[in-house]
Amino acid sequence: MSLDIAICAQLGGFKLDAQIDTQGQVTALFGRSGAGKSSLARAIAGLLRPQSGHIRLNGETLFDAKARLHVPPWKRQIGYVFQDARLFPHLSVLQNLTYGAGSNLSGLDQTIALLGLETLLQRSPDGLSGGEARRVAIGRALLSQPRLLILDEPLSGLDGARRLRLLDCLEQIKITGGPDILYISHDLDELIRLADQVTLMAGGKTLTTQPIEQVFEHPEAGLAAGLKAPISILTGTVLDHGEGTTRLLLGSKPDNGQQAVFTLPRIDADPGHRVRFYVEASDIAIALTNPTDTSVQNRLTVEIDTIEPFGAGTLLVTLSGYGYKIRALVTSQALRNLGLRNGLCVTAMIKAVAKVGLNSIDR
Amino acid sequence: MTPAITPDELEALRLSLKVSCVATVIALPLAAATALALARGRTWLGGWVTALINGLVYLPLILPPVVTGYVLLGLFGRMGPIGSALAKVGIVFAFDWTGAALAAGLMAFPLMVRAIQLGFEAIDPGLEQAAASLGARPLRVFATITLPLAAPGLIAGTLLGFAKAMGEFGATVTFVASIPGETRTLSSAIYNAIQTPGGDAMAMRLAALSAGISVLALILAEAASRRLVQRRQKAGAA
C-alpha cells in the first residue's frame, strides 16, 4: 500500500491536520484517544470530507479539495471495521458477512474458518459477545474485498484470551496476503506484532511516520502520542529454546567475537525466525563491568552514544551495540557516580523476565 | 331488544373503512417522505426549510378541525381554485367520499409523520456508513438498511393514521357534509343518530363499533412502537 495524505479538517472545535506518506503492508496510527486517529481514518474511508488537501491510495486520488474531487465511500473499496462493530441488527451473522460480497462468495468458507465463525452464522448480532461481534465485522469487511482494511482499535475492550485469539487472526490475515491494513491503536503490544509503518498522532496532528523500528528512536514524539516511557524496539533471530525461555541473536555479528544473545520468556517461533520486541527504558540498568554474579541474564556489551536530559533528575542514555540501539533511563546521581560519558563501554542489563512486548513473527 | 346492525349502519362502516384505507394508503408514502426529510434533511434542506415543513405538517393538528374543513372547502370545493381545476379532469372532492378521504388523510398526516420520523431518527447513522463502506450505493443502503430498520415506525405511523382517519369527524363533516351512502362515515352517522329522536341504540352500536376498530389499531400501533423503543434502548446501551 502506498498512502499519500495531506489534509486539514475542522470538526467543530477539533482540528485535524494530517500528513502521511507511507508504504507498507500494515500502517498503524498510534496515539491517545482523542488524538484524531479515527477522524483521519474516516477521512480516508470517505466518511468525512476534509476542507483542504488530498488523499491518494496506491496512486489513485480519492480526495482533492482543489479539484473538488471526493470519491464517495461506496466507490473507495476501503473496508472499515468500526470500534462498535456496527453489525446490521436486522440481519443474521451470515447475511452480515455477505452484505458487501456481492455475488463473489469464493472467500466465504475461508473467512469463516479464519475467524472461527462457524457456530455463529445463523445467530442474530444481538446475542453476540464483544469479541464475536468484532470478528464478524472483520469478516464482513474482508469479504467486501477491500483494497485497504481499516481496523479501528479492534482489540479494545476484549479480555486476555479473546484478545490474543483475535490478534492471531489479524496476524494470519497479514501473513496470508490479505488486504493492506490501516491499524488504529494506542496499544504498543499490538503495534509491535502487526505494524510495519507507524504514524504517531497527538492533538489532531500527525507527528511523524516511520518504520516501526525507528519511529520511537526519538522519544519526544512517542511520549506525545501516549507512550508511558521511552522504549527500544529490537529485532532478533530465534536461536534456540531453553527451559521456558527462548534465546535470540540480536543485531549483527561483530568483527571479533560473538553476536549478542538475548533471552526472552519462551515464545512460539521456530529457530531462524525473525521476531520483534520492545524493552522499556526504565527496565534497563547500566553497569561499568560485566557482572557474572547476578540473576540478570541479559547483559549486553554496548557503547554510550548520547546522553540527553529527560525530565527532573533523569537522563536518557542511548546505547549502541552491533546492529542495534537501546535506550536506558538513569538518574543524574547515578550518571555522576558511575562517571558515564559518551563513548564509554558499559554493560546494559535487562532482566529476561522484565517487561518485553509481544513477539512478532516476521515472514 | 337491540336489533342487529341495519344496512344503513353497515354502509357507514363500509364507507368509513374505505375512506380510512384510501386515506392511509395515499398519505403513507407522502408522510414517509416528509418524515425522512425532517429526520435527515436538515443538512441539505437547511434549518429554515425543515422548520417550515415542520410547521405546515402540524397545522392540521393545531387548527380546529372545523377550520381545516373550511379551508378544504375553500380550496377543493367546486368553486375553489384547486377544486375547479381538478373538476376539469374529472376529479371531484366536494360532497364525495374522495373528499372524506382527503379530509381524513390530512388530519391523520401529522400523526403519521411524527411516528415515522421517530422511526427514522432511531436508526444509528453509523449503520448506514458501515453499509456504504461495504460498497453499497445510497439507494441500496436505503432499501436494505434504512427502510427495514424504520419498519416499526412505519407500522406505528400507518396504524395511528388509520385510527385517526376512522375517527375523523369535524373536518370531514364541514368539507363533505354527511350524505348517506356518499359521505356518511361512522362518526357522522353517530352524530346523526344522536341528533335523531330514538336513535340512541343506533348511536350506541355505532360508537362501540367505531371504538372497537380504533382501539384495535391503537393496540397494534403500541405493540409496534414498543419494539421500536426496545431497539432504541439497545442502540443507546451499545
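We name chains A, B, ... by the order of the sequence lines, and we start the count at 1 in each one. Reckoned from all heavy atoms, side chains included, excluding hydrogens, waters and symmetry mates.
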Separation between CG of B:L134 and CZ of A:R86, rounded to the nearest 0.5 Å: 11.5 Å
Look at atom CZ of A:R162 and say whether more than 12 heavy atoms of other residues, nucleotides or ligands are closer to it than 6.0 Å. no
May I ask you to list the residues in residues 97-118 of chain A that approach chain B closer than 4.5 angstrom, counting heavy atoms only, ordered by number? A:Y99, A:G100
Here the pair of heavy atoms bringing B:S133 nearest to A:F82 is OG-CE1, 4.3 Å
Does the side chain of B:L127 come within less than 4.5 Å of A:P89's, by heavy atoms? yes
Separation of B:Q129 CD from A:L48 CG (nearest 0.5 Å): 9.0 Å
Take a 6.0 Å sphere around CD1 of B:I62 and say whether it holds more than 12 heavy atoms from other residues, nucleotides or ligands. yes
What part of A:L143 gets within 4.5 angstrom of chain B, counting heavy atoms only: side chain, backbone, both, or neither? neither
Where on A:R42 is there a heavy atom nearer than 4.5 Å to chain B: the side chain, the backbone, both, or neither? side chain
I need the contact set between residues 69-79 of chain A and chain B: heavy-atom distance under 4.5 Å, sorted by residue number. A:P73, A:W74, A:K75, A:I78, A:G79
